[in-house]
Structures are given as C-alpha cells and as structure tokens.
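Keep in mind that this is a model prediction, so the values were computed, not measured.
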Amino acid sequence: MPRSKHANPAMTSLKRVLVIGSGGRENSLAWAIKKCSVVEDVWVSPGNGGTKNLSGCKQLLIEEQDFESLKEVTISKNIDLVVIGPEAPLEAGLADFLRDAGIAVFGPGAKGAQLEASKSWAKELMRDANIPTAKYWAVGSQEEALSILKKNECALVVKLDGLAAGKGVIVPSTLEETEEAIKAAFKGEFGSSGQKLLLEERLEGPEVSVFALCDGERFIILPTAQDHKRLKEGDKGPNTGGMGSYAPAQILSDKQLKEVAELILEPTLKALKDKNIDYRGVIYAGLMVTSQGPKVIEFNCRFGDPECQTLMPLMGAELADVLHACALGTLDKAPKLFIKNECSACVVAAAGGYPESPSKGNYIKIDIPADDKVQLFHAGTRRNESGELFTAGGRVLSVVAQSDSFDKAFAKAYQNMDRVDFEGITYRRDIGHQVRQSENVSK
Ligand code: AMP
Ligand code: GLY
C-alpha cells in the first residue's frame, strides 16, 4: 500500500513501530508501545544495554544522525510509525527527512523543533501570541547585556540561545552574580553556543512539566509530572538532566490545567500553524506556577526524561494508536487515551562523577524480582559480548513503580533501586518529597 502522510488511520493498520534514541525515555516509550495490542513489533535504535529485555522489543544499531540508514530500515521493515525521542535529531530535521519519504513520524520537523532549539525564537513566538512567560531581552553582546542589567536593577536569569544539554541556564540571586554570569557566558565558559544570550526576569514558584500530544491542529494533555533537576537531596548541587520524577504532580488544580490548555497550549499550536508549521509531536511546556498563575519557563519539542519513564506505565493500550494519529494529523479519530488512576514514582541512578565527568565501564549488578508495578528502564548502559552489563553514560538507569499512594510507590521504587549496584552509584533518596508523607524511605 502506498504510504501517505495524510492517510486515515482507520485504513492504516499499525503493526510495526521504530523508536529512535538511546535513553531511558526511549526505552519507556518502546515498552509502553509494545504493550498496545495492535502492535506486533517494536524496534529501538540505537537503544542501550536494556533494550532487548523490554518485553520483546528489538534493537537496531543505527545512530540517530544516520538519516539515510534510518529511512532504509523503516522502508525495508515496513515500519508504520517512527517515534523520535531526543531533541538533537528533531532539530537536525530527521522528522522532515522521513516524512518526505512518506513515513508517518511522531516528532516535529526542524522548524517546529526551534521551540526548544532556539530560546529566542520560542520567546518571540510567546511574545507575539501573548503567552504568559518571563519578560526577556535577547542580546548579542556583553555590553548590551550589562546595560540592560544596569537599567533593570535586579538579578536576571542568563540563558544561552541554543541547545546546551541542560547547561545553558544560570539563575543568579544578585546583580553581581548576574554580571559574572554574563561575562562568563560571553567568554564561552558555558559551551560554544554563547554568542547570543537571553536575559530573563526571574520567576518564583514550583515547577511542573506538561506534555501535549499534538497532531498539528489538536492536542491532548497527559498527566502533569514533576522533575528533580538538581543532583543532590534538598534540591542542591549542580543541575542535571533529571534525577527522578513523579506523576501526576498535584501542583496545578484542574482549573489551572484548563488555563494552561487555553492560555498556553492552544495559542502555541495556533502560532505554529500561523508560521506554516504542522507540529506533530510533543509540546513539553516547562512551567513555573507563580503567584500570577502558570508561566512558561521553556518549551521542549520532545518528552521529558525522566518524566516519560514515570508517565508511560500510566498509559492505556490506546497509546500507540494515539501517537500514530498525531503523526497522521487525525487525533480527532483516535481512540480516547485511557490513563490509569495510580501514583507513579521514578528514581534515576547516575554514574559517579555525573554530571561533570561520569565514570564509565563499571559492572552493573541488578537483582530486581518481576513485578507488574515495577519497571527498570536502562539509559547509559551497554552489554559486552557475554551479555554482562556495564555503565556507559551519565544517567545509567531508572526504577519506576506504581501504587495507590506516592508513599507506597516510592517505597517500592527505592526497595528495588537498592537491589541495583555499581561502583559510584548515585541517587537521591528524597525524590517526590513534595508528595510523600513519610520522609524516610527505608534502606
Ligand atoms: P531551562 O533550561 O530554560 O528549563 O532552565 C533550567 C532551569 O532554570 C529551570 O528548570 C528553572 O529552574 C530555572 N529557570 C529558567 N528560567 C527561569 C526564570 N525565568 N526564572 C526562574 N528560574 C528559571
Ligand atoms: N527532565 C527534563 C528534560 O527532559 O529536559
């Protein structure tokens, strides 16, 4: 059957899915998609040391930047849907490339990915569409930045414009610290993307991640999740990709979530459409719930990691059809996505030395008994020829658990995390402190 971007999903069976990426996020996506009864085969490429153990998922060893090979394998294996996990291939145009070959893709094209890849582009879109966010100034020189700081007379958040793998944001508390951060950024101390900066008003309030699955015209919202970005307990230490998460986060009331849909997500999707961007993928809104209501801190063009690992076990068996419908632009015809009424808890184990210089090549011992309500998702792991598992990245793996309360879900996640060991293993014991009644989860 010829492939068409705009085929009716009722006419297009969904049997084979390819998930692109190598993190915990992609393993959890593949695991959740494989559980959907319509789906027969799920591949993850390039995956990691845990991919083959994901209830029948298969691994391909094609890197995410090898567009040509990804296209060839999608066609030769008759894959019906490609789900792109990470931001880098989205920014580089992988979704456009595959769509041009008639392949159904969940993930925005390069233009849409600018929501995440260019903070100044995203801020401009928010300003033009009147979306609640921090005031900002885009600056191209140190002089300009310092003169804005002088006029403003209070500390400002300093951000690099491009993708900076979580390292491009400094949140100073004083004018002096802001000045230092501006100078350091222009010296290139936060990475090479430092020629263009954003200065932002500093917002205050709890943070929450909202994920909208979009088909270009419409969207549905998943349960909200909360991430824990700092390495150490008590939200101290350096920023990381995320050390744990939980869902649903009880930070937004139903009324506030409705406001987020009406005042943030609808106008964002409309603004994208007005720019001729047919956005089919996730809009991840990182929000701060301020005294004036929820405001956007940042947009990302993919699922959060580790929020995705926390959310996937809550998804009903319609998930694959819903992602497929987003890819085809027919979310209105998709089945309603069932969401389990459970508390989901995720704890990430990182390598020693993370995030600066994670130590690699350490043997990993895992002794987790099978349990329907516990998942182990690998990230920075690899297997040697005899199948033994070793650390191979900063965030090594995550343990996720569900129960009818957060106390029980976290107790279960930690009991199982205590059955994982490798040299230098680092994890926070206070993930979910916001929603846990019992402070100490037993060792
Ligand atoms: P981002 O990469 O834009 O998500 O920023 C990383 C972290 O910096 C966020 O999760 C916030 O904790 C913090 N941050 C970013 N922008 C602001 C802001 N305007 N006000 C206060 N905190 C911020
Ligand atoms: N957990 C934060 C992120 O994925 O950007």
Side-chain angles (χ1 to χ4, degrees), residues 1-7 12-34 39-114 116-117 163 165 278-282 301-303 305 308 320 323-324 326-328 360 377-385 387 390 392-393:
M1 195 196 293
R3 293 166 178 277
S4 159
K5 287 186 232 185
H6 302 290
T12 319
S13 62
L14 173 62
K15 291 200 173 128
R16 287 166 291 274
V17 181
L18 168 63
V19 177
I20 295 175
S22 60
R25 169 181 48 209
E26 287 75 27
N27 271 14
S28 69
L29 276 165
W31 172 86
I33 291 169
K34 187 70 177 61
V39 174
E40 290 173 4
D41 292 304
V42 179
W43 288 268
V44 186
S45 189
N48 54 44
T51 302
K52 283 192 200 152
N53 294 51
L54 288 170
S55 51
C57 294
K58 299 172 203 169
Q59 189 171 10
L60 291 167
L61 294 175
I62 307 169
E63 294 299 328
E64 58 197 44
Q65 58 274 21
D66 187 353
F67 288 15
E68 216 31 85
S69 304
L70 288 168
K71 181 175 93 180
E72 273 168 30
V73 84
T74 302
I75 293 170
S76 69
K77 291 196 180 298
N78 247 319
I79 285 166
D80 305 300
L81 172 68
V82 177
V83 178
I84 304 177
E87 62 277 19
L90 291 168
E91 185 196 9
L94 178 58
D96 306 296
F97 182 80
L98 297 176
R99 277 193 190 107
D100 284 348
I103 295 165
V105 182
F106 182 83
K111 281 192 188 153
Q114 288 178 94
E116 172 165 2
L163 290 179
D278 189 5
Y279 195 101
R280 300 181 184 194
V282 183
C301 62
R302 35 89 197 167
F303 284 105
D305 183 333
C308 190
L323 299 179
H324 195 209
C326 287
L328 297 171
K360 295 184 185 163
F377 295 123
H378 290 227
T381 68
R382 66 168 177 84
R383 283 186 196 276
N384 67 9
E385 279 164 13
F390 293 87

Could you give the distance from [atom1] ([X]) to [atom2] ([Y]), rounded to the nearest 0.5 Å?
X      : Y      : atom1 : atom2 : answer
Thr51  : His378 : OG1   : NE2   : 8.5 Å
Ile20  : Leu60  : CD1   : CG    : 9.5 Å
His324 : Ile33  : NE2   : CD1   : 11.0 Å
Thr74  : Leu81  : OG1   : CG    : 10.0 Å
Leu29  : Cys308 : CG    : SG    : 4.0 Å

Partners passing side chain to side chain contact (heavy atoms under 4.5 Å, CB included) against Gln65 (at least two apart in sequence or in another chain): Glu63

With Phe390 via side chain to side chain contact (heavy atoms under 4.5 Å, CB included) - residues at least two apart: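 So Phe390 forms a side chain to side chain contact (heavy atoms under 4.5 Å, CB included) with Tyr363, Arg382, Asn384, Glu388.
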
Provide the closest heavy-atom pair for [X] versus [Y] in the form atom of the first, atom of the second, distance.
X      : Y     : value
Cys301 : Glu87 : SG-CB, 4.2 Å
Arg383 : Asn53 : NH2-OD1, 3.4 Å
Asn27  : Gly50 : ND2-C, 3.8 Å
Pro89  : Ile84 : CG-CG2, 3.9 Å
Phe67  : Gly93 : CE2-C, 3.7 Å
Gly23  : Asn48 : O-ND2, 3.6 Å

Check against side chain to side chain contact (heavy atoms under 4.5 Å, CB included), Trp31 and Cys57: CA-CA 7 Å; Trp31 172 86; Cys57 294; 5.5 Å; no

Donor-acceptor contact below 3.5 Å, side chain Arg16 vs main chain Asn78: yes

Pair Phe377-Leu54, side chain to side chain contact (heavy atoms under 4.5 Å, CB included): steps then yes or no: CA-CA 8 Å; Phe377 295 123; Leu54 288 170; 4.1 Å; yes

Residue from Glu116, Glu64, Glu26, Glu91 passing salt bridge (charged side-chain N to carboxylate O under 4.0 Å, His left out) with Arg302: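 For Arg302, the salt bridge (charged side-chain N to carboxylate O under 4.0 Å, His left out) test succeeds with only one of Glu116, Glu64, Glu26, Glu91, which is Glu116.
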
Residue Lys58 excluded, over 12 heavy atoms near NZ under 6.0 Å: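 Yes.
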
Heavy-atom check, side chain of Ile79 versus side chain of Ile103, under 4.5 Å: no

Criterion side chain to side chain contact (heavy atoms under 4.5 Å, CB included) against Leu94, the qualifying member of Leu70, Val82, Val105: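 Only one option passes, and that is Leu70.
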
